[in-house]
Amino acid sequence: GLNPIILSHITATEALLGVAVFCLFFMYVKSFQNRIPKGLKKIPGPTGFPLIGNALQMGKYPHLSLTRMSQKYGDVMMIHIGNTPVLVLSGLKTIHQALVRQATEFMGRPDLYSFRCIANGESLGFGRDSGEVWRARRKMVQNALKAFATSPSSNSFSTYLVEEHVSKEANYLIEKFQEVMLEKQSFDPYEHILVSTANIICAMCFSKSYHHDDEELLVFYTFMLKEIKEHYESFSKDSIRDITDSLIDQSQKMFSISSENLFSFLNDLFGAAFDTVTTVMSWGLMYLVVHPEIQKKIQEEIDEVIGRARKPRLSDRPLMPYTEAFILEVFRHSSLLPFTIPHCTTKETVLNGYYIPKDICVFINQWQVNHDENLWKDPSSFNPERFLSADGKDVNKDEREKVLIFGLGKRRCIGEPIARWEIFLFLTFLLQELEFSVKEGVKVDMTPRYGLSMKVKRCPHFQVKRRSLKNK
Ligand code: HEM
């Protein structure tokens, strides 16, 4: 120990000076560690406070504050959340450069504590791995999805299985909405849609659907474990019933897949599939009641292309540009996933002349792209027509490609086609039969609730009435 006599000679000032010298030395060493290779620029960004970094500047709506900051610092910007440096990318060109052209360097997932908690870090979407094993697993889940969404339906009303499942649920919703309307004169559609979208993914994964009041569906993990166990027990290579069977089949050919992995894949699919689609649908209904003239236009298109004598089918989709434009505008305007799942660099690299270190966490600001004034005219207004060609007969491909909501490149959402189909079918089924509105005098609040995705506030004031048959 130190001699107390010596200690008593060290004054407070000297002690402080000592600390300061130590800090300077530390910063000097750090600055060497962070040295930028010659010819490359250091990434700009706002100055943060010690320990908390830029956490306070992020505020309640990080996508808005990061968009504002990007206007000052540019498309490639560095912030700090606590002590963790985070690279924030904005601008469609820059994001495309990173996620598509430099895909390998930007395809990792960061080692965040919260990610490790998801399926023990074995998750396909959140797991740390982005190498061979991840690639093989992603391919496997993609194959299973493709097989069980696009395999032919056994009934004559639908072409694909996903069409059959969505039709069943949408028909149920049409009846259910009218029933609760009669009973209560107004209702909140959210939970009904949630169970329906859960049922669709359930049907595809487990060949099973649940009654809307079923408690079992709500006890999620137990329910999934039970389903997987039952599938293993009754599995037969010669009769692949659903996504779970297909995953079991593929996993038996690939020895790096265990039943725990299977659980985390299905967990991923469930999580990714029904929360997102439900959120899009609830935003969609909200925009429809706020803009009745847009609702009417979609209904006119339905009457013209499909009529009232038969149900909508996926093959109607290319013939319905206005409906498609509406869905794109819901994606763009709500930007329900303002950021992708965080990425991470897999090696050191260069982007727009900036030096980017290895293993750095990357946020992709999708909201900024969808509201960028350089890309969109009057981005804050809700206007499906922006996606239509001049004669209104086609969706403009260049405009469509600008919407960023499923990510880009090697980590792009694998459920995108299914999600787009589901949303198209749900919407056309519902609007063919029903007209949506809110109770008179109710002012709808469109400020989002912020969570993993941005959700519209729950609204218990929805009303429906069956459309008149005059156009039949
Ligand atoms: C409108 C609905 C949906 C939206 C907006 C959406 C959006 C996204 C986004 C932004 C990502 C992250 C991309 C990235 O990190 O760069 C993602 C990943 C993912 N999505 Fe979706 N998604 C939707 C529906 C679905 C559906 C229906 C499924 C499954 C059937 C699904 C399965 C997945 C999976 C497994 C991943 C992880 C991919 C990976 O990390 O390699 N998603 N999605």
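Whatever order the structure lists them in is the order used to number ligands and atoms, beginning at 1. The structure presented is a predicted model; accordingly, all values stated were derived computationally and were not measured. Side chains included, hydrogens not; waters and symmetry mates left out as well; all remaining heavy atoms used.
At a 3.5 angstrom cut-off on N or O pairs, Arg412 does not count as close to ligand 1. For a threshold of 3.5 Å applied to N or O pairs, the pair formed by Arg138 and ligand 1 contains at least one separation below that value.
Taking a 4.0 Å cut-off on heavy atoms, Ile418 fails to register as neighbouring ligand 1. Under the 4.0 angstrom criterion for non-hydrogen atoms, Arg420 is not in contact with ligand 1. A heavy-atom separation below 4.0 Å is not found between Lys410 and ligand 1.
Checked options Glu324, Glu422, Glu163; the residue passing with Arg317 is Glu324 (criterion: salt bridge (Lys or Arg N to Asp or Glu O under 4.0 Å)).
Contacts of Phe326 classified as ring pair (Phe, Tyr, Trp, His ring centres under 6.0 Å), with partners at least two apart in sequence or in another chain: Phe382. Residues that satisfy the salt bridge (charged side-chain N to carboxylate O under 4.0 Å, His left out) test with Lys229, not counting sequence neighbours, are Glu233.
Judged by distance alone, with hydrogens and angles left aside, the side-chain atoms of His291 form no donor-acceptor pair with the main-chain N or O of Tyr287 at under 3.5 Å. Using modelled atom types, no side-chain atom of Arg332 and backbone atom of Ile327 make a donor-acceptor pair closer than 3.5 Å.
Those atoms of ligand 1 with a heavy atom of Ala419 less than 4.0 angstrom away are 1 (C), 2 (C), 24 (C). Within ligand 1, the atoms closer than 4.0 Å to a non-hydrogen atom of Val280 are 1 (C), numbered from 1 in the order shown. Those atoms of ligand 1 with a heavy atom of Ile414 less than 4.0 angstrom away are 34 (C), 35 (C). Annotation for ligand 1: atoms under 4.0 Å from non-hydrogen atoms of Arg411 are 13 (C), 14 (C), 16 (O), 39 (C), 40 (O), 41 (O). Listed by atom number, the atoms of ligand 1 under 4.0 Å from His343 heavy atoms are 14 (C), 15 (O), 16 (O). Residue Ile405 approaches ligand 1 through these ligand atoms, each under 4.0 Å from one of its heavy atoms: 5 (C), 7 (C), 10 (C).
With no hydrogens or angles considered, no side-chain donor-acceptor pair links His333 and Asn383 at under 3.5 Å. With no hydrogens or angles considered, no side-chain donor-acceptor pair links Ser90 and Asp75 at under 3.5 Å. No hydrogens or angles considered: a donor-acceptor pair under 3.5 Å links the side chains of Lys457 and Thr447.
Taking all heavy atoms of Ile243, Ile95, Leu337 into account, the minimum distance to atom 7 (C) of ligand 1 is reached by Leu337. Looking at Cys413, Ser335, Pro417, Cys205, it is Cys413 that brings a heavy atom closest to atom 21 (Fe) of ligand 1.
Electrostatic pairing of Glu293 and Lys296 does not count as a salt bridge here, judged by no charged N lying under 4.0 Å from a carboxylate O.
No part of Leu99 comes within 4.0 Å of ligand 1, judged by heavy-atom distances. Neither the backbone nor the side chain of Glu416 has a heavy atom within less than 4.0 Å of ligand 1. Within the 4.0 Å heavy-atom criterion, neither part of Glu422 lies near ligand 1.
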Checklist entry - Should Lys297 and Glu385 be marked as a salt bridge (Lys or Arg N to Asp or Glu O under 4.0 Å) after you check the CA-CA gap, both sets of side-chain angles, and the distance that decides it? => result CA-CA 11 Å; Lys297 278 195 185 161; Glu385 254 111 18; 2.8 Å; yes
